[in-house]
> 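Dumping the structure here so I can ask a few things about it.
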Amino acid sequence: MLNLRKLFSWWTFVVPGIAVVALGASWGRQVSSVWMVILALVLVGAVLAAVHHAETIAHHVGEPFGSLLLAVAVTVIEVSLILMLMMGSGGNTQTLARDSIFAVTMMTINGIVGLCLLASARRDHLARFNAEGAGSALGAVILLAGLTLILPRFTTSAPGMAFTSVQLVSIGILSLVVYGLFVYTQTIRHRDVFLPPDRSGAHPDCECQQGEGTGISPVASADNAADEEYDESQAPHKVSPRVLVASLGFLLIALVDVVGLAKVESPGIESLVAHFGFPPALVGVLIALIILLPETIAALKAANRSHMQTSLNLAYGSAMASIGLTIPVLALASFWLPGHLLLGLDAVHIALFAISAVVSILTIVRGRANVLQGGLHLVLFVAFLLLTILP
């Protein structure tokens, strides 16, 4: 049973309130280095509180609605932060949206997926998931990334790596359509393929070795034990209306805290990046690391409980929401944002994404993965970070 006392720890109520006070005290003011460090700690606390309350709601509604809710919540943070930085910064922010979206994409399909595969495979020898559902989500991510981040590199109607206004609005509508189709498929039409596979039976091409003298596969035994845990923890746990409303309210407060504090911290981040001579694209990577902290924690928790399908739902759902919801909003906002939105990736990042897409397909296609696949994805994510810092 769900331990509500543990779920509703006192700090999940206190930290968002502290963050509100800190945000009000620092908004629009020049803050010192020490205060910036304190605000960064409060920001991390607000993110953890947001995860806590989002998981409460996710437990109530069950899968895959819980993963969808957290993905949308994180995307709200991303869109708000990008718009605030682009409208309030005096520097060149034309590539900020592209850098942030691509960093989110690479962190989800390589960073989060790699960590979760390693965690799940180390626990159960093989990480198992529904290949049909994960493959559908991955296909949508690849399509959205191709439409919004790769095509602008090759269009000729607008100078540079940008869409014209008509192209941007059209691509924004198409992105919204793709995301809407995925949500409909995930939550209504084919919800079953986004739930963990039936692990009670033997896998058709299982490579497990039989235990000595027992005739029972040790891996299958671990899977059956994990199934028992899944049956209890993955089913929806209904909470009282008061608890649900409180979680929703504090989730919204925590999300506002995260956006506001990240805005306050952004000048310090930009100054730090410029001080060390790093490329501006690193700002987008740091934004992605901040906004994806809730998803990363939730996905790792699921993987450590042998719920790899939930981890994949979170990772690919976040990548889809980041593109499918951010691009339409930016297309609408582009009419009053300064300058053009440069969405096209450079050749190095296109090559990295192509390699990531191929490796991801090979990982997903069999419906199971081992530590090797997890390591491959993490290597790709490290390569992305390296080539962002040292292009």
> Quick check against the 3.5 Å criterion: does Ser311 have a side-chain atom that pairs as donor or acceptor with the backbone of Ala299?
yes

> Where is the tightest heavy-atom contact between Asp257 and Pro16, given as atom of each residue plus distance?
OD2-O, 2.9 Å

> Heavy atoms only: give me the nearest Gly260-Leu23 pair and the separation to one decimal.
C-CD1, 3.4 Å

> Would you mind reporting whether Leu282 and Ile389 have side-chain heavy atoms less than 4.5 Å apart?
yes

> State whether the side chain of Thr326 and the backbone N or O of Ile323 hold a donor-acceptor pair below 3.5 Å, judged by distance alone.
no

> Tell me whether Ser322 contacts the main-chain N or O of Ala319 through its side chain, where contact means a donor paired with an acceptor under 3.5 Å.
no

> Please check this pair: side chain of Thr108 against backbone of Val104, looking for a donor-acceptor N/O pair closer than 3.5 Å.
yes

> Using the rule that two of Ile, Leu, Val, Met, Phe, Trp, Tyr join whenever any of their side-chain heavy atoms come within less than 4.5 Å, decide whether Leu378 and Val285 are in one cluster.
no

> Any chance you could pull the hydrophobic cluster mates of Val20, using side-chain heavy atoms under 4.5 angstrom and chaining through other members?
Ile253

> Would you indicate whether the side-chain heavy atoms of Leu289 and Met107 approach each other to under 4.5 Å?
yes

> Quick one: are Ile327 and Leu144 in side-chain contact, heavy atoms under 4.5 Å?
no

> If we ignore hydrogens and angles and just use 3.5 Å, is the side chain of Thr363 paired with the main-chain N or O of Val359 as donor and acceptor?
yes

> Under the 3.5 angstrom rule, does the side chain of Thr95 hit a backbone N or O of Arg98 as a donor-acceptor pair?
no

> Please test Tyr316 against Phe194 for ring pair (Phe, Tyr, Trp, His ring centres under 6.0 Å), starting from the C-alpha separation and ending with a verdict.
CA-CA 11 Å; Tyr316 293 145; Phe194 296 94; over 10 Å; no

> Give the minimum heavy-atom separation between Ala121 and Ala369, together with the two atoms involved.
CB-O, 4.2 Å

> What do the steps show when you test Ile112 against Leu314 for side chain to side chain contact (heavy atoms under 4.5 Å, CB included), and what is the final call?
CA-CA 9 Å; Ile112 296 179; Leu314 285 165; over 6 Å; no

> Side chains of Ser26 and Leu39: closer than 4.5 Å at any heavy-atom pair?
yes

> Using the ring of each side chain (for Trp, its six-membered ring), is Phe384 parallel, tilted or perpendicular to Phe102, with breaks at 30° and 60°?
perpendicular

> So, Arg153 side chain and Gly344 main chain: donor-acceptor pair closer than 3.5 Å or not?
no

> Do you know the tightest heavy-atom contact between Met308 and Phe129?
CG-CD2, 3.9 Å

> Do any N or O atoms from the side chain of Asp346 and from the backbone of His349 form a donor-acceptor pair under 3.5 angstrom?
yes

> If I compare all heavy atoms of Ile109 with all of Ser356, which pair ends up nearest, and what's the gap?
CD1-CB, 3.9 Å

> Quick check: closest heavy atoms across Thr12 and Ala49, and the distance to 0.1 Å?
O-CB, 4.1 Å

> Tell me whether Val329 is reachable from Val256 by hopping between hydrophobic residues (I, L, V, M, F, W, Y) whose side-chain heavy atoms are closer than 4.5 Å.
no

